[in-house]
> 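Can you keep this structure in mind? I'll have questions shortly.
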Amino acid sequence: MIFDPTVKIAPSILSADFSNFGQEIEAIESQGCDWVHVDVMDGHFVPNLTFGPTLCSAIRKHIKTVMDVHLMITPVDPYIKAYANAGADIITAHIEAGPHAHRTIQVIREAGCKAGIALNPGTPAGAVEHLLDVVDLICIMTVNPGFGGQKFIYSQIEKVKKLSSMIGDRPIHIEIDGGITVDTAPLVKKAGADVLVVGSAVFDGGSVENPSVYGENIRAIREATGG
Ligand code: DX5
Ligand code: ZN
């Protein structure tokens, strides 16, 4: 994967129809999404439970773009290989998931994936300073992780700006996750983000029978960021 700094829309399938992942993924990809974001939750690090590695492996068969796996689990290191084997292109772990984030990044890379680190809203940008030369992606959570459809936390915009200046010209994606809409997308793009995870604002109002709504939603968010 060559580094691409342009805006990428990554629909979170947490907002898809759980009985129909194959067709949902085909619909969002045919409607122009760039990556597919898979939210893995353990009912412990976050108060919700979602996708195990076997389900990720089944989902992978339908993804033609990029499988972006967001692990909201602790401990995380023992499960990385299973998600890599399931076909993840990018694996993002939380810095709050354990005391050795640097080791976690190494484990992800050794498993053959691009490595991301995610920060909860309460974690300052400075927490990832020691990781800037080893990560491929930094995910700023703009909601408290666990559920789709929550309200964007505006205080995170300053954090994105700070992170963007810390990163400088390093080839690191800044991904924003939570509460992205046509209103908040331009704010985070301006602050320095290039990957926008979007759950409800892509899936709401559409369906596999009516996928053009997904396309309209994706285009509206892309256009709001200036293309
Ligand atoms: C929250 C997840 C997000 C979420 C995004 O824990 O990581 O990916 O599903 O959904 P929206 O866009 O609805 O906030
Ligand atoms: Zn996510």
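As the structure is a computational prediction, the values presented were derived from the model and not from experiment. Atoms within a ligand are numbered from 1 in the order they appear, just like the ligands themselves.
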> Check each of Ala118, Ser200, Ser12, Gly199 against atom 13 (O) of ligand 1 and report the one with the nearest heavy atom.
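Checking each option, the heavy atom nearest atom 13 (O) of ligand 1 is found in Ser200.
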> Do any of the N, O or S atoms of Cys139 sit under 2.8 Å from the Zn ion (ligand 2)?
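Here the distance criterion (N, O or S atom, under 2.8 Å) is not met by Cys139, so no.
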> Find all atoms of ligand 1 within a distance of less than 4.0 Å from any non-hydrogen atom belonging to Gly149, and give their numbers and elements.
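Heavy-atom distances to Gly149 below 4.0 Å select 11 (P), 13 (O), 14 (O).
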> Is any NZ, NE, NH1 or NH2 atom of the basic residue among Asp89 and Lys114 found under 4.0 Å from an Asp or Glu carboxylate oxygen of the other?
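No, Asp89 and Lys114 are not salt-bridged.
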> Are any of the N or O atoms of Pro145 closer than 3.5 Å to those of ligand 1?
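No, no N or O pair falls under 3.5 Å.
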> Taking a cutoff of less than 4.0 Å between a non-hydrogen atom of the residue and any ligand atom, is Gly178 in contact with ligand 1?
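Judged by the 4.0 Å heavy-atom criterion, Gly178 does count as contacting ligand 1.
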> To the closest 0.5 Å, what do you measure between OH (Tyr214) and OG (Ser207)?
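If we round to the nearest 0.5 Å, Tyr214:OH and Ser207:OG are 5.5 Å apart.
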> What atoms of ligand 1 come closer than 4.0 angstrom to any heavy atom of Leu14?
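Atoms satisfying the 4.0 Å criterion: 9 (O).
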> When you measure from atom 4 (C) of ligand 1 to every protein heavy atom, which one gives the shortest distance, and what is it?
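Here the closest protein heavy atom is Asp177 OD1, 3.8 Å.
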> Just give me the atom name: the N, O or S atom of Asp39 closest to the Zn ion (ligand 2).
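Restricting Asp39 to its N, O and S atoms, the minimum distance to the Zn ion (ligand 2) goes to OD1.
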> Indicate, with yes or no, if the rings of Phe21 and His62 have centres closer together than 6.0 Å.
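Ring centres of His62 and Phe21 not closer than 6.0 Å.
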> Do Asp177 and His70 meet the criterion of a side-chain donor-acceptor pair at a distance under 3.5 Å?
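The criterion, which ignores hydrogens and geometry beyond distance, is satisfied for His70 and Asp177.
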> For ligand 1, find out whether one of its N or O atoms is nearer than 3.5 Å to an N or O atom of Gly179.
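Such a contact does occur with ligand 1.
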> Considering non-hydrogen atoms of the protein only, which is the closest contact for atom 6 (O) of ligand 1, and what is the distance?
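For atom 6 (O) of ligand 1, the nearest protein heavy atom is Gly146 N, 2.8 Å.
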> Relative to the Zn ion (ligand 2), which of the N, O or S atoms in Asp177 is the closest?
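The nearest such atom is OD2.
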> Using a strict cut-off of less than 4.0 Å between a Lys/Arg side-chain nitrogen and an Asp/Glu carboxylate oxygen, indicate whether Lys8 and Asp68 qualify as a salt bridge.
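No salt bridge links Lys8 with Asp68.
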> Salt bridge check, Glu158 against Lys161: does any charged N sit closer than 4.0 Å to a carboxylate O?
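Yes, this pair counts.
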> Nearest to atom 1 (C) of ligand 1, what protein heavy atom do you find, and at what distance?
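Residue, atom and distance for the closest contact: Phe147 O, 3.6 Å.
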> Closest N/O/S atom of His37 to the Zn ion (ligand 2), by atom name?
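The nearest such atom is NE2.
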> Asp194 and Lys189: salt bridge (charged side-chain N to carboxylate O under 4.0 Å, His left out), yes or no, with the steps?
CA-CA 6 Å; Asp194 68 306; Lys189 160 70 173 37; over 6 Å; no
> Treating Arg60 as the side-chain partner and Ile63 as the backbone partner, does any N or O pair qualify as donor plus acceptor under 3.5 Å?
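Yes: the side chain of Arg60 pairs with the backbone of Ile63.
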> Decide whether Phe18 and Phe203 are clustered together by the hydrophobic rule: side chain heavy atoms of Ile, Leu, Val, Met, Phe, Trp, Tyr closer than 4.5 Å, transitively.
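Hydrophobic grouping puts Phe18 with Phe203.
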> Of all N, O or S atoms in His70, which has the smallest distance to the Zn ion (ligand 2)?
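The atom in question is ND1.
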> Would you check whether Ser15 has a nitrogen or oxygen atom less than 3.5 angstrom from a nitrogen or oxygen atom of ligand 1?
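No: no nitrogen or oxygen of Ser15 is under 3.5 Å from one in ligand 1.
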